[in-house]
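Heavy atoms only: backbone and side chains are in, while hydrogens, waters and symmetry mates are out. Remember, it's 1-based here, ligands and their atoms both numbered in the order they're listed. Keep in mind that what you see is a predicted model, and the values were worked out from it rather than measured.
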Amino acid sequence: MTTRVRPSNKRCAVIGGSGFLGRHLVEKLLDRGYSVSVFDIRQSYELPGVAFHLGDLCDKQALLPAMKDVSLVFHCASPAPASDDRGLFERVNIQGTRIVIQACIEAGVQKLVLTSSASVVFEGTDIKNGREDLPYAKKPIDYYTETKIEQEKLVLEACDKEKGLLTVAIRPHGIFGPRDPQLVPILVDAARRGKMKFIIGDGTNLVDFTFVENVVHGHILAAEHLRPDSPICGQPYHITNDEPVKFWDFMSDVLVGLGYAAPRYHLPYALVYGLALLLWLLALILRPLVSFKPTFTPMRVALAGTHHYYNCERAKQDLGYKPVVSLKDGIARTVQSYPHLRQGA
Ligand SMILES: NC(=O)C1=CN([C@@H]2O[C@H](COP(=O)(O)OP(=O)(O)OC[C@H]3O[C@@H](n4cnc5c(N)ncnc54)[C@H](O)[C@@H]3O)[C@@H](O)[C@H]2O)C=CC1
Ligand SMILES: CC(C)=CCC[C@@H](C)[C@H]1CC[C@H]2C3=C(CC[C@]12C)[C@@]1(C)CCC(=O)C[C@@H]1CC3
């Protein structure tokens with residue numbers, strides 16, 4: 001007779017645990033007494049109490065050892081949104097997520113928490129105080145968003161009390177904080193190349209930027225509230241700082257904090273969007289001859305010039321969520337953490 005070891009409810013795996021959000025999540029889980037397996041294609045750090053399993057999440061045989069005796073899995077791996085490799089997004093976010101679900105079922109995992117994105121409902125036009133019942137974007141703005149939609153559907157549909165796998169999706173927006181490889185580095189790079197002098201549109205568009213520790217807090221609350229009788233099974237949850245801010249005020253606060261000038265001159269939104277579209281087309285046509293990546297992509301211009309902020313009332317009610325770090329403190333801690341990106345450094 002084989003006896004199956006019942007996984008401890010303090011053993012978990014973080015797929016994508018070497019990444020920006022994944023590492024912050026791992027650190028908080030350790031603080032809270034969890035033992036953690038990280039599964040990732042790369043190892044970016046070492047920490048006592050963390051077992052690293054290196055592999056591609058599309059490979060079930062590589063995944064299974066990381067899920068051994070684990071009751072809870074966080075899936076926060078994805079190719080970087082800036083990539084334009086459609087095949088990669090489809091392979092990792094869609095096929096790979098199917099494999100993650102199969103592996104969870106085979107390994108007897110009880111809970112799967114997906115890091116989705118609030119962008120799954122964003123089509124490049126204003127969203128003000130959007131709730132979770134907004135329909136998925138019919139015309140997603142890029143391959144990243146297109147495949148994040150399919151990924152979220154797969155995970156939420158896999159929630160099955162009979163089979164013993166419970167699932168939930170967290171939809172963060174504009175994650176920032178120490179060690180972020182995207183937002184602050186892209187911003188500083190643009191400033192150093194003299195491209196941060198302009199405000200796209202009238203500068204009043206409100207956006208959610210979410211400090212990474214609040215996103216981590218939302219994930220852990222979701223995991224700990226995920227039980228067969230709970231209303232959160234198979235549901236998506238917005239997790240934000242609950243302090244929508246003018247996109248250009250946020251950019252200015254970060255830039256000024258790092259010693260750069262704030263953007264000052266206004267450019268009409270339609271003009272910049274049109275130019276970005278033209279550049280994108282040019283890059284596509286010329287790809288066989290020369291490869292260049294424009295800073296101003298239509299997606300970035302849409303993110304910089306429209307309202308996109310989300311209501312997180314559902315997370316407050318069902319998960320008891322409340323941001324643990326304010327926007328002001330989050331910005332101060334982020335700015336402090338990038339001494340090498342300061343003006344003149
Ligand atoms: N950064 C942001 O503002 C937002 C991020 N998200 C989501 O949060 C999650 C985490 O994002 P970040 O930490 O910012 O990204 P990141 O790029 O820092 O981390 C992603 C990790 O996934 C790993 N990974 C990629 N492909 C893999 C594969 N085939 N097999 C195994 N591991 C693989 C990478 O090596 C990396 O360590 C992603 O799912 C992203 O879609 C959602 C909303 C906003
Ligand atoms: C809230 C949210 C979803 C933020 C996403 C983060 C990034 C997409 C932004 C981080 C830095 C931003 C940025 C621009 C667009 C959006 C970001 C990439 C510009 C390219 C917009 C046009 C400019 O004037 C330069 C900006 C540099 C920084």
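- Close contacts of ligand 1 with Gly55, meaning ligand atoms under 4.0 Å from a residue heavy atom, involve 30 (N), 31 (C).
- Linking Ile, Leu, Val, Met, Phe, Trp and Tyr whenever their side-chain heavy atoms come within less than 4.5 Å leaves Tyr144 and Val120 in two separate clusters.
- Taking distance alone, with nitrogen or oxygen atoms compared against 3.5 Å, Phe20 approaches ligand 1 more closely than that limit.
- A cation-pi contact, defined as under 6.0 Å to the ring centre and within 45° of the axis, links Lys10 to Tyr34.
- Residue contact annotation: Ala80 has no non-hydrogen atom under 4.0 Å from ligand 1.
- Between Tyr260 and Ala191 the shortest heavy-atom distance is CD2-CB, 4.0 Å.
- With hydrogens and angles ignored, the 3.5 Å screen pairs no side-chain donor or acceptor of Ser119 with any backbone N or O of Phe122.
- Counting only non-hydrogen atoms, the option in Leu63, Ile41, Val100 that gets closest to atom 33 (C) of ligand 1 is Ile41.
- A heavy-atom separation below 4.0 Å is found between Ser116 and ligand 1.
- Contacts of Val92 with ligand 1, taken as heavy-atom pairs under 4.0 Å, involve the side chain alone.
- The shortest N or O to N or O distance between Ile15 and ligand 1 is not below 3.5 Å.
- Paired with Ile99 under the rule side chain to side chain contact (heavy atoms under 4.5 Å, CB included), one option of Asp56, Leu63, Asp59 passes, and it is Leu63.
- Of the residues listed (Val215, Leu327, Val184), the one engaging Phe176 in a side chain to side chain contact (heavy atoms under 4.5 Å, CB included) is Leu327, and it is the only one.
- Nearest to atom 20 (C) of ligand 1 by heavy-atom distance, out of Gly177, Gly17, Ser78, Pro181, is Ser78.
- Figure legend: cation-pi geometry between Arg314 and Tyr237, with NZ or CZ positioned under 6.0 Å from the six-membered ring centre and within 45° of its axis.
- By the 4.0 Å heavy-atom criterion, Pro172 is counted among the residues contacting ligand 1.
- Under a 3.5 Å cut-off, the side chain of Asn241 and the backbone N or O of Glu243 do not form any donor-acceptor pair.
- By the 4.0 Å heavy-atom criterion, Tyr144 is counted among the residues contacting ligand 1.
- With Asp40, Ile239, Val120 as candidates, the residue nearest to atom 34 (C) of ligand 1 on a non-hydrogen basis is Asp40.
- Looking at Arg91 next to ligand 1, no N or O pair under 3.5 Å apart turns up.
- Applying the 4.0 Å criterion to heavy atoms of Lys148 picks out, from ligand 1, the atoms 38 (C), 39 (O), 40 (C), 41 (O).
- Per-residue contacts place Ser18 under 4.0 angstrom from the following atoms of ligand 1 (heavy atoms of the residue considered): 37 (O).
- Checking each of His75, Lys148, His219 against Thr115 for a side-chain hydrogen bond (donor to acceptor under 3.5 Å, both in side chains) leaves exactly one that passes, namely His219.
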